Every structure is written in C-alpha cells, then in structure tokens.
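Following: one structure in structure tokens, then a few remarks.
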There are 2 protein chains.
Amino acid sequence: MRKYLGALKSVPLFDGISEEDIQSLMTCLMAKVIHYEKNQSVLMYGDNTNHFGIVLSGNVQIIKEDYYGNRCIVARIEEGMLFAETFAFAGIKKLPVSVITTTESDLLFIDYRKLITSCTEACSFHSRIIYNMLHIVAMKNIILSQKIEFTSKRTTREKLLSYLWAEAQKAGCNTFTIPFNRQELADYLSVDRSAMSAELCKLRDDKMIKFNKNLFELL
Amino acid sequence: MRKYLGALKSVPLFDGISEEDIQSLMTCLMAKVIHYEKNQSVLMYGDNTNHFGIVLSGNVQIIKEDYYGNRCIVARIEEGMLFAETFAFAGIKKLPVSVITTTESDLLFIDYRKLITSCTEACSFHSRIIYNMLHIVAMKNIILSQKIEFTSKRTTREKLLSYLWAEAQKAGCNTFTIPFNRQELADYLSVDRSAMSAELCKLRDDKMIKFNKNLFELL
DNA sequence: TCCATTTGGTTGTAAATACAACAGACTTGT
DNA sequence: ACAAGTCTGTTGTATTTACAACCAAATGGA
C-alpha cells in the first residue's frame, strides 16, 4: 500500500487526513488495490457489489447501454475520483452501468459498509472521511441540479444565457472563461453544436455577450 | 419534542432507529423544532446557515430566481423529507434558493456538523443516521441522473421511450403505472404537453405502446 | 515550413417543437 | 343534477432545431 501513498494523499476522499493516518485507514477499511490493463472490464452491468472504487492512476469510463442496446459513455473518471459510490450508498444492488479502464490503471476498492460503521478504535479520521464522502456526494448533486436547470430551458438561447449567467456568478465577475470547447458545451447543454454556435453569434450581434474562444463577457 | 415522535418515526433519516433512541438523538443533535404559518419565509436566498431541515408536518417549497428575476419552484418538500441538506454538506455557504412554507408547518432543524461528528457517547444509532443520510443524498443523485438521461435525448419521442422503458424496468413488467399526469410528465421531461400528448398517440398508432390514463404498456 | 487535424462559424433544408386555441371526457362540489 | 373546473387529445402555424455539408482559422507535429 505504501507505494500508493503519493496518489492517496491527493484523493479528495482523504482530504484533511495525514499520511500516517491514511495508512491505518487503509487497514481499517480493508481497502485493496487492483492493477488493470487498458480496456479491461472493472465492473459489469448487473454486477452485485458492495464496493466503490477510487482511481489511483489511469482512467476509467462509466458505460451505459440504452434501450436500443447502444453503448454510451456516461462519464470519464480521472485520477483521484470515485466511481460506483452512488450506487453503493443508494443501496442499488444490481449495477445499472459498466466500468472499464481506458488506460492501464490502479484502482482502490472499499466496501461501503466499512465506511459507515466506526472501527473499533473509533479513529478520529473515520468521521473525517465520512464528512468527505457526504461532501463529495452532495457536490455531485449540486452539479447535476445545475445541469438540469440549464438543459430544462426550452430554447438554445435560454440554455446558453442561464449557463453563462451561472458561470459569471461562479467567477464573481462578468468576464470569465468556460471549461468547455464548443462541442463539449453543446454536449453539456444537449443541443446541436452548429445551432449553438449560430445562437452565440446572434447573442453577440444583439450585444448581450462578447466572446473570444473560451473567454466570455456578459453585457 | 415528545409530541413530534409520531412524525419523527416516519422520517427516512431516522429509519432503523427506535423511538427512545430518536429521543436521545434529538438531544445529541441539538435539534430544534420551529412552527411556521402558511407562506412564511423559512430560509432566504443568500442566507448563511449550517442547518438543514426536515418537514415534520405541512409542506415547503424550494424557490429559485432565474437571471430575469422570475421566481420558479424547484421542488416541493413533503412530510418526512429533508431540505437544504445538499447545500449544507456540499459546503455551499450562501443558499442559492429560498424556502417558504405553503401550509402551516412544523420544521425540524439540525446542524450538519453535529451529524458528522460522533457524540461523546459514540451512540450506535449515530452511525445509522449517517448511513441513512448518505443513502438519501445518493438516492437524490440517482434520481437526478435519471432525469438527465431522459431530458438529454433530442426528440420528444426518444425522451418518452427512454422514460417509459426505465419505468418498465423499475416495475419489472411491461405494464406499469406512472406517477404523473400528462402535464406533470411534460414538465418532468421538459417538453410541451400538447406536443407530448400527440407523440404518445403516434407511438400508440405505431404499435409501440398502449396506454389508458396512467397505465402504460410497452409492446 | 508544410501537412494533417482540430476547432469554430455559416448556410440551407427538412424535421421537430412550442404555442395557442378548442373540444370532449371526466371530476368535484353544491 | 348541474355548473365549474380539470384533464387529455387534436389541430394549425410560426418558430426553433437538427443535420449535413462546407469553409476558414488555429493548432500541432514531423
């Protein structure tokens, strides 16, 4: 486990826990690391597991099959991030998604039941990790709610305005950069890229926004 | 606090905790009940609070103002349900929404920091309540993700099919009832009611579904 | 520097949607 | 039983969108 300490330190789930405490914690949680090659299956649709995962190195993708049988990428999980924790804590027994590696990866697995019961020594960092977990799940919640707020608008114009307004709020300034390129923004807002591009230019012509690449300004 | 015991027993956050333990818990968490009249403001946009709420009786609405200043109802919180817990645990200091009562209500308030630190007696039900809280927040997550899956489809037809397919899966049967009337379903899927109604009939004409009121069947 | 690739903007057209207005079936309260 | 209100389906039209195809500018290696 020691070789992974560097990676573990920067995992948000372990924020505020010292290196040595992380070591005890790994034992206390009976965490185990598994190494995967590229494109290996980590968890399969329908699997019954009580574990959630943490990406220590590499990348995994969350895959979902729609009712036509088309596979679609729900999310990409980067280093330090969790996966399948929502299903574990929501008590969903059969995984509704599959998880596969997109690169060679080291993944840490923890049984969610270990996390919510105090260990015998009632370690102080145990309550910290629970706080961190609640924080992470609640943040995901906020992010999902925001996306719904944008995409539930009827027109592309309204979707763009509500998104840009929220970004301006977050930046605390009318001038801000967005973390998406045009295609990614269109995917995020669930609209057509070219239609969105045209609408952005209309908004500019109407003197409601200015933009240059990823730098935007609300007028 | 005793007069609220009946209501407290059916709060999901206290699932699996006995009546007497709930009483100790209320003390341990320093929970307080406040009575509100109809249409009173409970929490205001911009408020800075560490508390989340539980509706013991009555109803509250979560209100958000969009960038035009229009007020819009984000959610209605019924008896037994929590509100503002997402913001508390996500560490969002300034509330981005307002909370108002829609009927005379009794609301219970708990400081989220009390919940994540074990009380001195390391009470066994404390870990249960944390488990329950993680479960509730994770479930909200699942529900939001599902909604995004439906609404991110491009056409009304696809939105309907993916929604109905998910309901059929949930019911474990091709015949099932949905918890919405037409207007509510349209709002949920972010489409126009009349257009959706027309599309439902098209799907029926195409022999893909049958329906009668809220009873649907996938063919 | 050159070439290949990515990214962003433009346009035309067919398709889908929102919106409004209306009618029939069904509920509800008096 | 009646009136008022609600719910659902239907239709026509103006608006909006998706999609495809294309071009120009920027980017990034080799």
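Letters A, B, ... mirror the listed sequences (proteins, then strands); counts begin at 1. Nothing here was measured: the structure is a model prediction, and the numbers come from that model.
At a threshold of 4.0 Å, the pair A:Glu199-A:Lys159 does not count as salt-bridged, since none of the basic side-chain nitrogens sits closer than that to a carboxylate oxygen.
Between B:Phe176 and B:Phe216, the ring planes lie parallel to each other; the angle is under 30°, not in the 30° to 60° tilted range.
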N/O contacts under 3.5 Å, protein versus nucleotides 19-24 of chain C?
| unit_1 | atom_1 | unit_2 | atom_2 | d |
| --- | --- | --- | --- | --- |
| C:dC19 | N4 | B:Ser194 | OG | 3.4 |
| C:dA20 | N6 | B:Ser194 | OG | 3.3 |

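In this structure, A:Asn181 atom CG and D:dG28 atom P are separated by 13 Å, rounded to whole Å. The distance between atom CZ of A:Phe211 and atom C1' of C:dG9, rounded to the nearest whole Å, is 9 Å. Look at NZ on B:Lys202: it is 20 Å from P on D:dT8, rounded to the nearest Å. Counting to the nearest Å, the C1' atom of C:dT17 and the CG atom of B:Asp187 are 16 Å from each other. In this structure, NZ of B:Lys159 is placed 11 Å from C1' of C:dA16, rounded to the nearest angstrom.
In the model, B:Ser57 has a side-chain atom that pairs as donor or acceptor with a side-chain atom of B:Asp106 under 3.5 Å. In this structure, a donor-acceptor pair under 3.5 Å is absent between the side chains of A:Tyr188 and A:Glu184.
Closest to the side chain of B:Ala198, from the set C:dG8, D:dC7, D:dT11, is D:dT11. Taking only side-chain atoms of A:Glu199, from C-beta outward, the nucleotide of C:dT10, C:dA18, D:dT17 with the closest atom is D:dT17.
Side-chain nitrogen and oxygen atoms of A:Thr156 include at least one within less than 4.0 Å of the OP1 or OP2 phosphate oxygen of D:dT17. In terms of phosphate contacts, B:Arg182 brings a side-chain nitrogen or oxygen within less than 4.0 Å of OP1 or OP2 of D:dG9. A sub-4.0 Å separation between OP1 or OP2 of C:dT6 and a side-chain N or O of A:Lys213 is absent.
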Given the rule that a pair is Watson-Crick or G-U wobble with both distances under 3.5 Å, how would you write DNA chain C in dot-bracket, using | for pairs to a different strand? ||||||||||||||||||||||||||||||
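In this structure, B:Ser197 reaches the bases: a heavy-atom distance under 4.0 Å links it to at least one base atom across the strands shown.
For A:Arg204 and B:Met196, each mapped to the nucleotide of DNA chain C holding its nearest heavy atom, the one lying further toward the 5' end belongs to A:Arg204.
Two rings, from A:Phe52 and A:Tyr112, have their centers 6.0 Å or more apart.
Note: B:Met196 CE to B:Ser190 OG = 11.5 Å, rounded to the nearest 0.5 Å.
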